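Only this structure's heavy atoms are used, side chains among them; waters, hydrogens and symmetry mates stay out. Computed from a predicted model, the values in this text were never measured in an experiment. Each ligand, and each atom within it, is numbered from 1 in the order the structure gives.
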Amino acid sequence: MALELRSLGRSQLKLSQLGLGTVKLGRNTDVKYPSEFELPSDEAVVALLNEASRLGINVLDTAPAYGCSETRLGQLLPEASGEFQIISKVGETYDPDSGSHYDFSERAIQESLETSLKRLNRDQLEVVLLHSNGQDTEILESGALATLLKARDQGLIQAVGLSGKTLEGGYRALELGADCLMITLNANEQGERPLIDAAADREAGILIKKALGSGHLATDSQHQLRQLFQDSRITSAIIGTTNLEHLRHNCAAFDE
Ligand code: NAP
């Protein structure tokens, strides 16, 4: 398979260039995708995971805020082939009736980690990110990254970082010792690009979210992905799809 494995910065982790985003496995309300959708059946999820593994994808991105995504992965991964590294998050929870709730206190982060490990049937998660609501600097100054670093030192996580929304937040997270950043980067959203240089200076990894603009730039997905990976410092782009044909088409961008 043509997908490369790339080091996540200075960590020991090696992630495939494309990862599978799993919002659509667990949540279909208050999302910004171009069209409405039903959550896929268990059989469809297992088929998606099998195909992702066959294509060389070795990383899944989930979060407590993605509805039942973590729970379904915990239940269905044992039925699927292949080994996946897991990226999850802390700080945001979501309720279809009341929306998103944010809590980056030490207690909430520790509880969230315990819950994610239990749902996913794991003793350790490969990557955990602060799931920012945009108040990146405030979240970081409150000590939230320090809580994750402590959990990393206890062996519960291998690499920690920020899924943020601002340049300032990205820079500050790197100063505070983040192993990686998850940034938005696509043809229409380039504002966080300077963080790639900043992360490289500190040997931190770069993960990309919304590479296809949450589906609004997906008509020429192969072109978008090839453009993105002209920068060899990007570790992995997390693409959200529940469609096997789309998954194959996206991976085929790396066939040459
Ligand atoms: P995305 O990956 O840019 O786009 C996903 C959308 O593109 C889906 O609706 C998918 O629909 C469609 N798509 C994918 N490949 C396609 C193809 N070849 N042709 C046509 N349509 C295609 O956006 P995203 O899901 O918002 O972000 C990706 C992942 O990043 C998420 O799943 C999540 O894991 C993570 N994320 C994190 C945060 C954060 O704050 N940390 C925020 C947003 C996202 P189909 O299912 O029909 O393929």
Requested in this report: Give me the one residue out of L55, V59, L247 that meets side chain to side chain contact (heavy atoms under 4.5 Å, CB included) with L20.
Outcome: L247
**Report entry** For ligand 1, the portion of Y66 having any non-hydrogen atom under 4.0 Å away
**Finding:** side chain
Query raised in the report: What atoms in ligand 1 come closer than 4.0 Å to a heavy atom of A211?
Result: 3 (O)
Report summary line: Min over L217, L60, D61 of heavy-atom distance to atom 34 (O) of ligand 1 lands on D61
Report summary line: In ligand 1, the atoms that come under 4.0 Å of a heavy atom of N243 are 48 (O)
Requested in this report: Go through D61 and K209 one step at a time and tell me if the salt bridge (charged side-chain N to carboxylate O under 4.0 Å, His left out) criterion holds.
Outcome: CA-CA 10 Å; D61 180 79; K209 59 187 171 187; over 6 Å; no
Query raised in the report: Which one holds for H131 and ligand 1: side chain close, backbone close, both close, or neither close, with close meaning a heavy atom under 4.0 Å?
Result: side chain
Query raised in the report: N/O of L212 under 3.5 Å from N/O of ligand 1, yes or no?
Result: yes
Query - Numbered atoms of ligand 1 (with element) below 4.0 Å of T22, judged on heavy atoms - result: 32 (O), 34 (O)
Requested in this report: Run the numbers on H131 and Y66 for ring pair (Phe, Tyr, Trp, His ring centres under 6.0 Å), then give the verdict.
Outcome: CA-CA 11 Å; H131 207 168; Y66 299 168; 5.7 Å; yes
**Report entry** Residue from E70, E114, Q75 passing side-chain hydrogen bond (donor to acceptor under 3.5 Å, both in side chains) with R119
**Finding:** E70
Query raised in the report: Step by step, would you call N28 with K24 a side chain to side chain contact (heavy atoms under 4.5 Å, CB included)?
Result: CA-CA 6 Å; N28 59 6; K24 293 178 89 173; over 6 Å; no
Query raised in the report: In terms of residue, atom name and distance, what is the protein heavy atom nearest to atom 9 (O) of ligand 1?
Result: K24 NZ, 3.0 Å
Query raised in the report: Using heavy atoms and a threshold below 4.0 Å, how should the contact between S221 and ligand 1 be classified: side chain, backbone, both, or neither?
Result: side chain
Requested in this report: Considering heavy atoms of the protein only, find what lies nearest to atom 32 (O) of ligand 1 and give residue, atom and distance to 0.1 Å.
Outcome: G21 CA, 3.2 Å
Query raised in the report: Can R122 and E126 be said to form a salt bridge (charged side-chain N to carboxylate O under 4.0 Å, His left out), step by step?
Result: CA-CA 10 Å; R122 296 278 184 117; E126 279 74 22; 3.2 Å; yes
Report summary line: Exactly one of Q158, R152, R202 clears side-chain hydrogen bond (donor to acceptor under 3.5 Å, both in side chains) with D179, and that residue is R152
Query - Top protein contact for atom 4 (O) of ligand 1, by heavy-atom distance - result: G215 N, 3.2 Å
**Report entry** Atom indices of ligand 1 within 4.0 angstrom of S163 heavy atoms, with elements
**Finding:** 39 (C), 40 (O), 41 (N)
Requested in this report: Dump the intermediate steps for side chain to side chain contact (heavy atoms under 4.5 Å, CB included) on D103 and I109, then the final yes or no.
Outcome: CA-CA 8 Å; D103 188 344; I109 288 176; over 6 Å; no
Query - Proximity winner for atom 1 (P) of ligand 1, if only heavy atoms of S214, A218, A63 are counted - result: S214
Query raised in the report: Quick one: does S16's side chain have a donor or acceptor within less than 3.5 Å of a partner on N58's backbone?
Result: yes
**Report entry** Minimum non-hydrogen distance to atom 12 (C) of ligand 1, winning option of C251, S88, G240
**Finding:** G240
Query raised in the report: Do K210 and T184 pass the side chain to side chain donor-acceptor pair (under 3.5 Å) test, and can you show the C-alpha distance, the side-chain angles, and the key distance before you say yes or no?
Result: CA-CA 6 Å; K210 305 185 192 176; T184 298; 4.7 Å; no
Requested in this report: For atom 31 (C) of ligand 1, find the nearest protein heavy atom and state the residue, atom name and distance (0.1 Å precision).
Outcome: V23 CG2, 3.7 Å
Query raised in the report: Given the rule in the ring pair (Phe, Tyr, Trp, His ring centres under 6.0 Å) test, do F229 and F254 qualify, once you have shown the distances and angles that lead to the verdict?
Result: CA-CA 9 Å; F229 278 97; F254 300 86; 5.3 Å; yes
Query raised in the report: So between H246, R248, K210, H216, whose heavy atom ends up nearest atom 47 (O) of ligand 1?
Result: H246
Report task. For atom 29 (C) of ligand 1, find the nearest protein heavy atom and state the residue, atom name and distance (0.1 Å precision). Result -> I238 O, 3.5 Å
Report summary line: Note: ligand 1 atoms sitting under 4.0 Å from heavy atoms of K89 are 41 (N)
Report task. Work out which heavy atom in L145 is nearest to a heavy atom in V160; give both atom names and the distance. Result -> CD1-CG2, 4.3 Å
Query - Mode of S132 contact toward ligand 1 - side chain, backbone, both, neither (heavy atoms, under 4.0 Å) - result: neither
Query raised in the report: Are M182 and V31 connected, step by step, through hydrophobic side chains (Ile, Leu, Val, Met, Phe, Trp, Tyr) whose heavy atoms are closer than 4.5 Å?
Result: no
Query raised in the report: Starting from atom 30 (O) of ligand 1, which protein heavy atom do you reach first, and at what distance in Å?
Result: K209 CB, 3.7 Å
Query raised in the report: Should the ring pair F37 and Y33 be called parallel, tilted or perpendicular, given that the plane angle runs from 0 to 90° and is split at 30 and 60?
Result: perpendicular
Query raised in the report: In terms of side-chain heavy atoms, does T93 have a donor or acceptor partner in Y102 at a distance below 3.5 Å?
Result: no
Requested in this report: Identify the protein heavy atom lying closest to atom 24 (P) of ligand 1, giving its residue, its atom name and the separation to 0.1 Å.
Outcome: Y33 OH, 3.6 Å
Query raised in the report: Any N or O on T242 sitting closer than 3.5 Å to an N or O of ligand 1?
Result: yes
**Report entry** Options L244, L130, N250, ranked by nearest heavy atom to atom 18 (N) of ligand 1, top entry
**Finding:** N250
Query raised in the report: If you measure every N/O of I239 against every N/O of ligand 1, is any gap under 3.5 Å?
Result: no
Query - Any Q222 heavy atom less than 4.0 Å from ligand 1 - result: no
